[in-house]
There are 2 protein chains.
Amino acid sequence: MNIGQAAQASGVSAKMLRYYENVGLLAKAVRTEAGYRVYSESDVRTLRFVKRARDLGLPLDRIKLLIGLWQDEDRASADVKRIATEHAAELRAKIAEWTQMCEALENMAEACHGDHRPECPILDEMAEGAQDFTTLPSVSASKLKAGRQAPRTGTQRAVQGVMR
Amino acid sequence: MNIGQAAQASGVSAKMLRYYENVGLLAKAVRTEAGYRVYSESDVRTLRFVKRARDLGLPLDRIKLLIGLWQDEDRASADVKRIATEHAAELRAKIAEWTQMCEALENMAEACHGDHRPECPILDEMAEGAQDFTTLPSVSASKLKAGRQAPRTGTQRAVQGVMR
DNA sequence: ATGGGGCTTCCCATCGTGGGAAGGTCAAGT
DNA sequence: ACTTGACCTTCCCACGATGGGAAGCCCCAT
């Protein structure tokens with residue numbers, strides 16, 4: 001079976017098949033005389049394994065370990081469990097972090113009128129205490145040489161302009 | 001103020017300051033004659049704004065929009081709110097996805113004894129229906145030429161070996 | 001024999017961040 | 001004045017996993 005067929009049969013793109021092989025997640029595929037990669041049903045099973053593990057969010061290095069255990073008749077299920085629980089814990093941590101960010105954003109958005117007026121608690125929160133717009137130049141003007149690499153073409157914002 | 005001081009004052013690394021400038025999130029910094037970037041208090045306020053927005057998980061392109069609105073006296077808070085709620089919605093979607101992955105993993109781990117024996121529902125789940133190990137070669141052996149690019153040195157795993 | 005689709009490799013882009021090398025600059029201490 | 005160490009500059013590379021695309025070869029069916 002060629003790479004395209006293996007891809008379709010496993011749900012992993014051909015591009016990824018080559019990549020997995022390159023980075024050592026999969027063994028180098030057998031080739032035809034013409035250099036075409038050839039896959040067996042057994043290979044497809046491995047690919048489906050990888051696909052499911054990826055769908056669970058596992059990174060490739062952990063999947064590599066799992067494949068090793070999967071093919072090891074003498075494995076201890078404790079090793080597999082450890083990998084799974086470690087990943088789950090990392091996911092939980094990330095989820096907590098993102099939930100915090102998300103709730104903060106939602107709270108701010110809720111406090112925002114969302115109309116045509118400029119007042120906005122979201123921006124206020126992000127600027128937090130930046131009401132003081134007094135500019136305190138900390139370098140004497142004599143030492144300055146405006147934008148050697150930034151030729152400063154035409155219209156430039158007064159305070160801090162956003163480029164491009 | 002030099003880049004290191006601006007970095008410390010804002011909580012954004014000097015490396016990131018240069019990067020933000022390169023990708024156009026920030027205006028090109030004023031330079032001293034020697035080419036050193038010089039930052040004002042006003043710049044540091046912008047940097048802190050960026051830092052807080054990053055901490056909320058906002059991508060740089062959205063932060064660029066926010067800075068534009070922040071500096072626009074005639075902004076409509078609705079525009080800010082839309083950006084925030086869009087990002088929050090994307091976060092929620094991601095969180096839901098990761099929560100599903102996480103729960104699946106936790107369920108599997110819970111079902112796993114986690115002892116010295118090889119039986120493991122986690123692996124079973126990932127292999128899902130891969131009990132049939134009959135190999136069906138789909139290419140006639142005459143067309144094969146073992147590993148032109150994979151010289152197949154010495155010990156190789158029987159079925160699908162993990163490399164490196 | 002020709003055409004189209006599949007395969008190969010190689011390069012690039014993403015997104016934000018860090019590491020490091022090679023070389024110039026500044027300020028403080030001798 | 002000179003040295004030294006800390007700082008700055010640019011440039012390149014790496015991550016992780018994926019997609020896009022180009023140039024060129026291969027295989028099969030018409």
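Numbers restart at 1 for each chain; the letters A, B, ... are given by sequence-line order, proteins then strands.
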Checklist entry - Under a 4.0 Å N-O cut-off, is there an ion pair linking B/K94 with B/E90? => result no
Item to check | Closest-nucleotide 5' rank along DNA chain C - winner of B/L60 and A/G4 | outcome: A/G4
Next on the checklist: Under 3.5 Å, is there any donor-acceptor pair linking the side chain of B/K15 to the base of C/dG16?
Outcome noted: no
Checklist entry - Which heavy atom in A/R52 sits nearest to a heavy atom in B/E125, and how many Å separate them? => result CD-O, 3.9 Å
Next on the checklist: Using only modelled atom types and a 3.5 angstrom limit, is any donor from either the side chain of B/Y36 or the base of C/dG24 paired with an acceptor on the other?
Outcome noted: yes
Checklist entry - Within the structure, does a side-chain N or O atom of A/S13 lie under 4.0 Å from either OP1 or OP2 of D/dT18? => result no
Checklist entry - What is the distance, rounded to the nearest whole Å, between atom CG of A/L58 and atom P of D/dG16? => result 14 Å
Checklist entry - Rounded to whole angstroms, how far apart are CG on B/N22 and P on C/dT14? => result 13 Å
Item to check | B/M108 side chain near B/P121 side chain, heavy-atom distance below 4.5 Å | outcome: no
Item to check | Distance, rounded to the nearest Å, where B/K28 contributes NZ and D/dT10 contributes P | outcome: 10 Å
Next on the checklist: As an exercise, state the distance from CG of B/L65 to CZ of B/R82, rounded to the nearest 0.5 Å.
Outcome noted: 8.0 Å
Item to check | Under 4.0 angstrom between A/R31 side-chain N/O and C/dT9 OP1 or OP2 | outcome: yes
Checklist entry - A/R18 near the nucleic acid: base, sugar-phosphate alone, or nothing, with a heavy-atom cut-off under 4.0 Å? => result base
Checklist entry - In whole angstrom, what separates A/Q8's CD from C/dC7's C1'? => result 15 Å
Checklist entry - Does A/R37 make a side-chain N or O approach to OP1 or OP2 of C/dT9 shorter than 4.0 Å? => result yes
Item to check | Between P of C/dT9 and CD of A/E21, the distance in whole Å | outcome: 8 Å
Checklist outcome for this item: Taken to the nearest whole Å, CG/B/L17 to C1'/C/dG18 is 14 Å
Checklist entry - B/Y19 has a side chain; which of D/dA17, C/dC7, C/dT17 sits nearest to it? => result C/dT17
Item to check | Nearest-angstrom distance from the residue atom CG of A/N2 to C1' of D/dC28 | outcome: 12 Å
Checklist entry - Do you know which two heavy atoms are closest between A/S77 and B/G114, and how far apart they sit? => result OG-N, 3.3 Å
Checklist entry - What is the distance, rounded to the nearest whole Å, between atom CE of B/M16 and atom P of D/dT9? => result 14 Å
